[in-house]
Amino acid sequence: HFTPNELKVFYTIIIRAACNDKDGSNITDIVENSGMSRSTVYKTLKKLSTEGIIQLHQSKEDGRESLVLLNS
């Protein structure tokens, strides 16, 4: 039931989770890797979070940045 934007953001999160960090991906990295605008990524992440697919947490290293984690 994903839109094309949701699929692109979701796959970007999955790929980053598989290749990188267990602590999550920051939104800036998702924007850069998905090739989508920051506002589109933010809107999409909010919807995925509301649906319980991902979690958003404030970064401990940079309070201005949020980390995205997949729900298990």
Give a yes or no answer on whether the side chain of Gln58 reaches the backbone of Gly63 with a donor-acceptor pair at less than 3.5 Å.
-> yes
Hey, could you give me the CG/CD distance between Asn26 and Glu61, rounded to the nearest 0.5 Å?
-> 9.0 Å
Can you tell me if Asn71 uses its side chain to pair, donor with acceptor, with the backbone of Gly52 under 3.5 Å?
-> yes
Evaluate the side chain to side chain contact (heavy atoms under 4.5 Å, CB included) criterion for residues Lys43 and Glu6: first the C-alpha distance (whole Å), next the side-chain angles of each, then the deciding distance (0.1 Å), finally the verdict.
-> CA-CA 9 Å; Lys43 289 176 196 174; Glu6 291 168 351; over 6 Å; no
Quick one: name the residues clustered hydrophobically with Leu56, using the 4.5 Å side-chain heavy-atom rule over I, L, V, M, F, W, Y, and just say none if it's on its own.
-> Phe2, Leu7, Val9, Phe10, Tyr11, Ile13, Ile14, Ile27, Ile30, Val31, Met36, Val41, Tyr42, Leu45, Leu48, Ile53, Ile54, Val68, Leu70
Would you mind listing every salt bridge (charged side-chain N to carboxylate O under 4.0 Å, His left out) that reaches into residues 63-72, with sequence neighbours excluded?
-> Asp62-Arg64
Which residue pairs pass the salt bridge (charged side-chain N to carboxylate O under 4.0 Å, His left out) test when at least one of the two sits in residues 29-41, sequence neighbours left out?
-> Arg16-Asp29
